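Presented below is the structure to which this report refers.
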Amino acid sequence: MASDDKQPLITNIYTADPSAHVFNGKLYIYPSHDRETDIKFNDNGDQYDMVDYHVFSLSSIDGPVTDHGVALTATDVPWVSKQMWAPDAATKNGKYYLYFPARDSEGVFRIGVAVGDKPEGPFTPQPAPIKGSYSIDPASFVDDDGQGYLYFGGIWGGQLQHWAEGKFNIELHRETGEPTEGPALMPCVAKLTDDMLEFKEPVQAVPILDENGEPIAASDHDRRFFEAAWMHKYNGKYYFSYSTGDTHYLCYAIGDSPLGPFTYGGRILEPVKGWTTHHSICEFQGKWYLFHHDASLSGGVDHLRCVKARELFYDSEGKIHTTPQ
Ligand code: FUB
């Protein structure tokens, strides 16, 4: 397991939450675009006050990195009031889809989708958020059979703890930000419609189980889901990975179906400089990479982050390592 000893991949602007995909043989990175603000730091994450997205591409992992400029901006999206947080992208039917969370006019996080003809955009947003969507950190996954999935959720500032049976209730876990006993809150997943624009079925919880087949406990802050959902497939298995938030680990769990259940598999990354940790995992030119961020470029300012990459390795049991096996 490694921490933050690599150089930033992107240095021309502050970036975070990198979602990496290979489209047409090139590596595309869809990060958050961090910016300086006067907003006071709090546990709600108000200081993460982003207003647009840039898309980056690389023909080789060693660069150079091309910044394709602004692909979507908050003022283009009628329902967004503020905080364009961690995005992701997918392709299907010759189109490209940018999924993004933001607060609506009531201050509630929702997930939107914007459509483009090229991986780098520009993207045209749908006029309303995806019906039935909530919370943050959408991660899209298109399985080999063409079915699209959207994973999402984040506790504390990500508001997942305020949702029950499809309804937002600010009083739910208001004091603690999450349950303090029993099973942890699980991330969410929904199958996408064929046009990738809506949920095809009701949102489901993504079960993350411990070695005894029990849901990870709410008190197990080293292993419970906090935010930063990601899905990748390796050797026929489905890997759900995520951040543990206040304990600052990137972890993963393995399952036989995109809907889970997933059994906890271990840590991918130790805490990095800065409070948040968020990532994606992607195969590019025959090697597997972890894309993640830390706050090293700003000297440790939590909300001014930079994207990094490092190679990942699997052992014979399918466990993930940051050193060759
Ligand atoms: O970038 C804003 C938020 O910080 C993301 O949505 C979280 O995953 C955390 O990285």
Side-chain angles (χ1 to χ4, degrees), residues 17 32 37 39-50 74 77-87 99-113 128-139 150-190 198-199 201-210 214-229 240 242-249 251 260 275-278 302-303:
D17 313 321
S32 299
T37 72
I39 299 168
K40 276 208 162 149
F41 289 28
N42 59 28
D43 280 351
N44 218 26
D46 289 347
Q47 64 274 26
Y48 298 88
D49 190 39
M50 297 86 107
V77 193
W79 61 269
V80 166
S81 66
K82 62 177 182 176
Q83 287 179 311
M84 295 183 106
W85 283 10
Y99 297 95
F100 59 96
R103 286 185 194 251
D104 67 11
S105 56
E106 322 250 270
V108 176
F109 271 109
R110 303 279 181 180
I111 296 170
V113 56
I130 297 174
K131 280 190 283 304
S133 70
Y134 51 91
S135 197
I136 60 166
D137 292 359
L150 200 70
Y151 300 84
F152 59 93
I155 60 174
W156 295 19
Q159 301 180 337
L160 184 62
Q161 71 279 7
H162 296 319
W163 286 88
E165 289 162 20
K167 291 202 173 65
F168 183 79
N169 177 357
I170 193 81
E171 295 308 327
L172 268 179
H173 309 294
R174 189 202 261 277
E175 296 306 321
T176 55
E178 60 185 300
T180 51
E181 53 190 30
L185 281 176
M186 298 291 163
C188 302
V189 62
E198 296 291 348
F199 293 162
E201 293 173 3
V203 172
Q204 300 181 36
V206 176
I208 306 175
L209 309 180
D210 66 14
E214 297 295 328
I216 295 282
S219 57
D220 188 352
H221 284 213
D222 282 356
R223 298 195 297 175
R224 64 98 168 78
F225 172 81
F226 189 97
E227 62 187 5
F240 180 83
Y242 58 98
S243 160
T244 62
D246 58 345
T247 48
H248 317 288
Y249 300 118
C251 295
W275 199 94
T276 65
T277 186
H278 188 130
D302 283 344
H303 69 291

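In this text, all values refer to a predicted model and were calculated from it rather than measured experimentally.
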Looking only at heavy atoms, the pair that brings V203 and G132 closest together is CG2-O, 3.8 Å
The side chain to side chain contact (heavy atoms under 4.5 Å, CB included) partners of D43 (sequence neighbours excluded) come to W156
Report the C-alpha distance between F199 and K131 in whole Å, list the side-chain angles of each, state the deciding distance to 0.1 Å, and finish with yes or no for side chain to side chain contact (heavy atoms under 4.5 Å, CB included).
CA-CA 7 Å; F199 293 162; K131 280 190 283 304; over 6 Å; no
Taken to the nearest 0.5 Å, the spacing of R224 CZ from I155 CD1 works out to 4.0 Å
Taking every heavy atom of G107 against every heavy atom of Q159, the minimum-distance pair comes out as O-NE2, 3.0 Å
Residue set satisfying side chain to side chain contact (heavy atoms under 4.5 Å, CB included) with E106, at least two apart, ordered chain then number -> D104, V108
With sequence neighbours left out, the residues meeting side chain to side chain donor-acceptor pair (under 3.5 Å) with T176 are none
Note to self: Please determine whether side chain to side chain contact (heavy atoms under 4.5 Å, CB included) holds for the pair F240 and F225, giving the CA-CA distance in whole Å, both sets of side-chain angles, and the decisive distance to 0.1 Å.
What the structure shows: CA-CA 10 Å; F240 180 83; F225 172 81; 4.2 Å; yes
With sequence neighbours left out, the residues meeting ring pair (Phe, Tyr, Trp, His ring centres under 6.0 Å) with Y249 are none
Taken in chain and number order and not counting sequence neighbours, the residues that satisfy side chain to side chain donor-acceptor pair (under 3.5 Å) with E171 are R174
By ring pair (Phe, Tyr, Trp, His ring centres under 6.0 Å), H221 pairs with (sequence neighbours left out) none
Those residues at least two apart in sequence (or on a different chain) that pass side chain to side chain contact (heavy atoms under 4.5 Å, CB included) with N44 are N42, D46, R103
Sorted by chain and number, sequence neighbours left out, side chain to side chain donor-acceptor pair (under 3.5 Å) with D302 holds for none
Review point. Any side-chain heavy atom of P215 within less than 4.5 Å of one from P207?
Key: no
| message | In this structure, is the centre-to-centre distance between the rings of F226 and W275 below 6.0 Å? | response | yes
Parallel, tilted or perpendicular: which one describes the rings of F152 and Y134, with boundaries at 30° and 60°?
perpendicular
For F41, the ring pair (Phe, Tyr, Trp, His ring centres under 6.0 Å) test, sequence neighbours excluded, returns H303
Sequence neighbours excluded, the answer for side chain to side chain donor-acceptor pair (under 3.5 Å) partners of T277 is none
Closest heavy-atom pair, A218 versus T180, reported as atoms and distance to 0.1 Å, is CB-C, 4.1 Å
Interatomic distance, CG@N169 vs CD@Q161, rounded to 0.5 Å, equals 11.0 Å
Sorted by chain and number, sequence neighbours left out, ring pair (Phe, Tyr, Trp, His ring centres under 6.0 Å) with Y48 holds for none
Taking every heavy atom of Y151 against every heavy atom of V206, the minimum-distance pair comes out as CD2-CG2, 4.1 Å
Value for CD (Q83) from OG (S32), rounded to nearest 0.5 Å, stands at 11.0 Å
Evaluate side chain to side chain contact (heavy atoms under 4.5 Å, CB included) for I130 paired with V113, printing each intermediate quantity in order. CA-CA 7 Å; I130 297 174; V113 56; 4.0 Å; yes
On a heavy-atom basis, the closest approach of D222 and C251 is O-SG, 3.9 Å
Value for CG (L172) from CD (E178), rounded to nearest 0.5 Å, stands at 13.5 Å
Rounded to the nearest 0.5 Å, the NE2 atom of H162 sits from the CG atom of L185 at a distance of 10.5 Å
When rounded to the nearest 0.5 Å, the distance separating OG of S135 from CH2 of W163 is 9.0 Å
Side chain to side chain contact (heavy atoms under 4.5 Å, CB included) filter on E214, not counting sequence neighbours, yields D210, N212
Correct closest heavy-atom pair for H278 and A86 would be CE1-CB, 3.4 Å
